[in-house]
Each structure stands twice: as C-alpha cells, then as structure tokens.
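For reference, the structure discussed in these notes is given below.
Everything numeric in this text was worked out from a predicted model, so none of it was measured. Lettering follows sequence order; numbering is per chain, from 1.
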Protein chains: 2
Amino acid sequence: MNATHQDLTRNQTLVLDTLAKADGPLSAYTILDRLRGDGFRAPLQVYRALEKLLGFGLVHRLESLNAFVACAHPHCHAHGLIAFAICEDCGQVDEFSDAVVRERLGAWSADNGFKAEKTTIEIRGHCANCAAA
Amino acid sequence: MNATHQDLTRNQTLVLDTLAKADGPLSAYTILDRLRGDGFRAPLQVYRALEKLLGFGLVHRLESLNAFVACAHPHCHAHGLIAFAICEDCGQVDEFSDAVVRERLGAWSADNGFKAEKTTIEIRGHCANCAAA
DNA sequence: CGCGACATGTAATGATATTACATTGCGAAG
DNA sequence: CTTCGCAATGTAATATCATTACATGTCGCG
C-alpha cells in the first residue's frame, strides 16, 4: 500500500524529478514554469501532483517559504519528525531529524491531550559556507 | 531600546489590540477588515504594523497558517524558542517552550556551523477538547 | 460494452504579500 | 523659527501562492 516510485503517474514523476534536480526549494509556480515544455499549463496540475507526493513522503513542504523540496532520504520511510535548516543566503536546505526533539514534543502533546497530526520544524539562518563569507 | 507598549504607534496599537481580542490567529486581511472602521484601507497598513510588532516580540507569525497571533507571554522577553500547538478544529493555539528542544536544535546548529536566526515549531493536530468530541 | 474510480485539462477566482511612490508629522540642527 | 531629515502613514498597483468548479480522458473489471 505504500506507494513506490513505480506507482507515480506521469505528472507526479515530472514534478518529483523537477524537485530532485533542483538545488533548493521550488515554489509551485516555478515548477509549473519548468514543466511548460512538458505540457503543463495550470497551477492545479502542479498542486495535485504535490499533494500526492507529500502524502507518499517523497516531497516536503517548507511552510516558512511556501515552497517544496524532494525528500533527502526517500528510502527510509517512517522517519518520525523532520527538521529543516534553511540558508537564507544560498537557499540550501538541510534535512535532519532528532529523536530527543521528537520525544519532547510528543511528551508535551501527551501531557496536554493534544493529538499531533503533523509537526513543522524550520530553522532559518545562514549555513556554514555562507556564514563564513 | 526594547520597545514597550507605550512606544507603539496608533496603527501598531490597533493591530495588536485586534489580535489580542481575537480568540485565535488572524490573517492580515482579516485584521484589515476588522480595522476598516478605524480608517484602514490597504493591506500594507497591516503588514507594516505586523512587521514592527513581530520585531518587538509582541506578535508571532504562524507559518503554516499564514496568520498571526498576539504573544501569549508578552512580559517575559527573551523567551528562547517558541513552539505552537494549533488545533485544526477550533483554531485555538497553545504557545509553549521547551529548553531541551532549544538545546538540541542549538546543538545541531553548532555541530553544522549553521547560524540560526529564527526557528519555527508548529504542531498541527487536535486539542484535548476537540479530540474528545 | 458500460460503469466506476482516478488522473487530467482548463478557466476563473480567491487569498496572501510586496513594490513603488506620494504625503504627513515631528524632533533636532542651524 | 525654519529647514532638514527621518519615521510613519496613505494609496494604488501588482506579484505571488492556492483553490474551486466543471469538463474530459483513461483504464480495469463485471
């Protein structure tokens, strides 16, 4: 039942490949523009593909950027909670996960009777390379 | 140099009061609509006030909602890192902070030479009340 | 075949945010 | 007191992000 890369439709494949080839997050409209040559005409084509890809865990949405990235670790499914470090200079995104953080946020939820569905952690700042410059 | 409530301009005060009276996050355009009677005509009036209030730490932006809330603890300045639990049913937002989480994310940043400027933590889900129903 | 489920195509619109430029109010320097 | 400069404000236009509504296509299966 977990969708694999094989199950992707043409549009989903095109969108995922576009994100995978990009060196950073892309907005839905940027993806659209890059796929005009493949017949994409409307935002909805992109949003629909993204919706599925997000569900499959192959793509992440960066809320603070209103943009999307291909998952850096598409193989290890069931990665608990993911955090992103986003460089405001070069746009590079580093994806990581921390068991302790997951545990602490889980504990807070349990203590407060909160049923967590989705957790967003995004650190905006400057990566090592750019901070050096 | 830390701005106090006294220093706020008329527009900033109106926007902050609107958020403080609201029972949940408001979008910039909702704030605008609520302040039409006070002479607000354009989005920029709201965005400019919000920009300052965010800088003062009196207001937070919820990235996953594209909306804003008044800070729940406007007195304790220098609150390290803040997390939000957002109920998707009733819209209530719970603001909390966790030293261990801050520490872990800080450690990751240090290990990776990343200079963090701003960290966003948002948990979407269902609050105790709504989960019960 | 004919139906159902899902993916797709297209247009229009809604929602969020910024750019550009004009104006006003007010304190400090001269 | 006047002029300068700065910050806040006002207004219009536009850019950017996302969804709703409706029509069409594709393909497996009874």
Donor-acceptor check, side chain of Glu122(B) to backbone of Glu63(B), threshold 3.5 angstrom: yes or no? yes

Shortest non-hydrogen pair, Leu50(B) vs Val59(B), comes out as CD2-CG1, 4.2 Å

**Prompt:** Between Gln12(B) (side chain) and Ala49(B) (backbone), is there a donor-acceptor pair under 3.5 Å?
**Reply:** no

So does Arg124(B) get a backbone contact from the side chain of Glu88(B), meaning a donor-acceptor N/O pair under 3.5 Å?
no

- OP1, OP2 of dA7(C) versus side-chain N and O of Thr9(A): anything below 4.0 Å? no

| field | Distance test, side-chain N/O of Lys52(A) to OP1/OP2 of dC6(C), below 4.0 Å | value | no

Whole-Å distance, Leu32(B) CG to dT16(C) P, equals 11 Å

Rounded to whole Å, CZ of Arg41(A) lies from P of dA11(C) at a distance of 7 Å

Distance check: side-chain N/O of Gln45(A) vs OP1/OP2 of dT8(C), anything under 4.0 Å? no

Leu35(A) CG to dG9(C) P, in whole Å, measures 11 Å

Table of protein N/O atoms under 3.5 Å from nucleotides 21-27 of chain C N/O atoms:
none

Whole-Å distance, Leu65(B) CG to dA17(C) P, equals 11 Å

With Leu35(A) as partner, the option from Thr30(A), Asn11(A), Thr18(A) fulfilling side chain to side chain contact (heavy atoms under 4.5 Å, CB included) is Thr18(A)

Next on the checklist: I'd like to know whether the aromatic ring centres of Phe84(B) and His60(B) sit less than 6.0 Å apart in this structure.
Outcome noted: yes

### Query
Quick one: does Leu58(A)'s side chain get under 4.5 Å of Leu8(A)'s, heavy atoms only?
yes

note: Tyr29(A), atom OH; dA17(C), atom P; distance rounded to Å ~ 15 Å

| said: With a 4.5 Å cut-off on side-chain heavy atoms, are Ile123(A) and Phe114(B) touching? | reply: yes

5'-most contact on DNA chain C (nearest-nucleotide basis), Asn66(B) vs Ala42(A), goes to Ala42(A)

Separation of dC6(C) atom P from Glu51(A) atom CD, nearest Å, is 13 Å

Contact span of DNA chain D against chain B, any nucleotide atom under 4.0 Å from a heavy atom, 5' to 3', runs dA8(D) to dT11(D)

Residues 30-54 of chain A vs ring-ring contact (aromatic ring centres under 6.0 Å, His included), sequence neighbours excluded, gives none

Leu26(B) atom CG is separated from dA17(C) atom P, nearest whole Å, by 13 Å

